Amino acid sequence: MTEENTSCNAATRALALRTTLLPKDTNPAGTIFGGVILSLIDQAGEIAMRSINPHRRYVTIAMDSIMFHAPVFVGDLVSLYTCHVKVGNTSVSVQVDVMVERRDRPGAEVRVTEAKVTYVAIGGDGKPIPVNG
Ligand SMILES: CC(C)(COP(=O)(O)OP(=O)(O)OC[C@H]1O[C@@H](n2cnc3c(N)ncnc32)[C@H](O)[C@@H]1OP(=O)(O)O)[C@@H](O)C(=O)NCCC(=O)NCCS
């Protein structure tokens with residue numbers, strides 16, 4: 001069975017967030033803690049939601065298909081790209097790809113993590129409401 005390739009490609013992706021990380025973000029192995037990357041993925045997805053309907057508030061309902069392909073190191077330039085946005089009634093799913101540029105290889109981006117994140121638009125009572133309309 002062939003696995004569907006859902007990764008973002010350079011033509012369709014949008015840059016949501018770019019940062020570098022510090023020694024405080026590392027795990028005992030000396031690489032960046034996975035939870036820090038998950039937090040960045042969630043932030044990048046939320047930023048992407050602003051372009052769907054900036055007047056809505058969103059909460060994360062699911063993070064799926066998370067794959068950590070390669071480690072992130074202190075000092076890497078970390079870029080989070082979004083693509084494949086799918087708008088439902090009250091929910092929006094987005095693919096988030098995390099790419100890094102190593103300090104010793106400027107200009108060469110490596111995909112380190114990817115995930116699909118789903119957000120739900122909520123009203124003042126915390127219940128789902130239509131994304132549009
Ligand atoms: C988000 C929340 C308001 C949704 O309430 P709910 O009554 O469970 O929602 P519904 O069953 O009506 O589903 C709402 C939408 O989410 C989608 N959905 C539900 N479960 C899903 C899942 N596991 N994965 C992806 N989408 C899902 C539904 O298909 C629906 O989308 P649609 O309207 O576009 O078809 C509620 O689950 C919640 O408050 N969760 C906590 C959110 C939060 O605090 N996140 C921060 C992390 S701490």
Side-chain angles (χ1 to χ4, degrees):
M1 190 170 80
T2 310
E3 195 176 310
E4 187 188 357
N5 181 2
T6 56
S7 302
C8 299
N9 67 57
T12 59
R13 70 189 186 181
L15 178 66
L17 188 61
R18 180 167 280 161
T19 189
T20 56
L21 296 164
L22 301 170
K24 71 175 176 58
D25 301 313
T26 56
N27 58 35
T31 57
I32 299 299
F33 177 52
V36 171
I37 301 300
L38 291 180
S39 173
L40 291 176
I41 288 172
D42 204 9
Q43 290 176 55
E46 209 282 335
I47 288 168
M49 292 306 102
R50 307 288 176 97
S51 63
I52 305 299
N53 183 344
H55 303 292
R56 288 285 184 260
R57 286 195 308 140
Y58 301 91
V59 287
T60 312
I61 190 165
M63 297 181 87
D64 299 307
S65 319
I66 299 162
M67 181 73 189
F68 293 97
H69 296 290
V72 179
F73 301 105
V74 170
D76 285 350
L77 183 60
V78 183
S79 301
L80 291 98
Y81 295 95
T82 57
C83 65
H84 299 310
V85 176
K86 188 172 153 232
V87 181
N89 178 28
T90 65
S91 68
V92 185
S93 299
V94 61
Q95 172 77 18
V96 182
D97 277 13
V98 186
M99 312 285 293
V100 301
E101 203 176 299
R102 310 289 190 199
R103 286 185 73 89
D104 58 352
R105 295 206 60 203
E109 277 194 325
V110 179
R111 176 177 289 106
V112 290
T113 308
E114 55 189 308
K116 189 182 102 177
V117 192
T118 304
Y119 298 86
V120 174
I122 55 165
D125 59 359
K127 299 273 191 285
I129 58 172
V131 172
N132 291 307

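All residue numbers refer to positions in the sequence shown, counting from 1. Note that this is a predicted model, so its numbers are computed, not measured. Ligands are counted one by one from 1 in listed order, and the atoms in each one are counted from 1 as well.
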Check: Relative to the heavy atoms of T118, which atoms of ligand 1 are at a distance of less than 4.0 Å?
Finding: 25 (C), 26 (N)
Item checked: The one among S91, A121, P128, A62 that brings a heavy atom closest to atom 23 (N) of ligand 1 -> A62
Notebook entry, point to check: What atoms in ligand 1 come closer than 4.0 Å to a heavy atom of G88?
Noted result: 34 (O)
Margin query: Other residues, nucleotides and ligands only: do more than 12 of their heavy atoms fall within 6.0 Å of CZ on F73?
Written below: yes
Next item on the list: Using heavy-atom distances, let me know which of D64, I61, I122 sits nearest atom 37 (O) of ligand 1.
Entry: I61
Notebook entry, point to check: Are the side chain of Y81 and the backbone N or O of L17 linked by a donor-acceptor pair below 3.5 Å?
Noted result: no
Notebook entry, point to check: Going by the atom numbers of ligand 1, which of them fall below 4.0 Å from some non-hydrogen atom of V120?
Noted result: 1 (C), 15 (C), 16 (O)
Check: Quick one: are I41 and V117 in side-chain contact, heavy atoms under 4.5 Å?
Finding: yes
Item checked: Test item: protein heavy atom less than 4.0 Å from atom 28 (C) of ligand 1 -> no
Margin query: So for atom CZ, which belongs to R105, do other residues, nucleotides or ligands contribute more than 12 heavy atoms lying within a distance under 6.0 Å?
Written below: no
Check: If hydrogens are left out, which of T60, T90, N89 has an atom nearest to atom 14 (C) of ligand 1, that is, the closest non-hydrogen atom?
Finding: T90
Checklist line | Rounded distance (nearest 0.5 Å) linking atom SG of C8 with atom NE2 of H84 | finding: 5.5 Å
Checklist line | Enumerated ligand 1 atoms positioned under 4.0 Å from heavy atoms of G126 | finding: 3 (C)
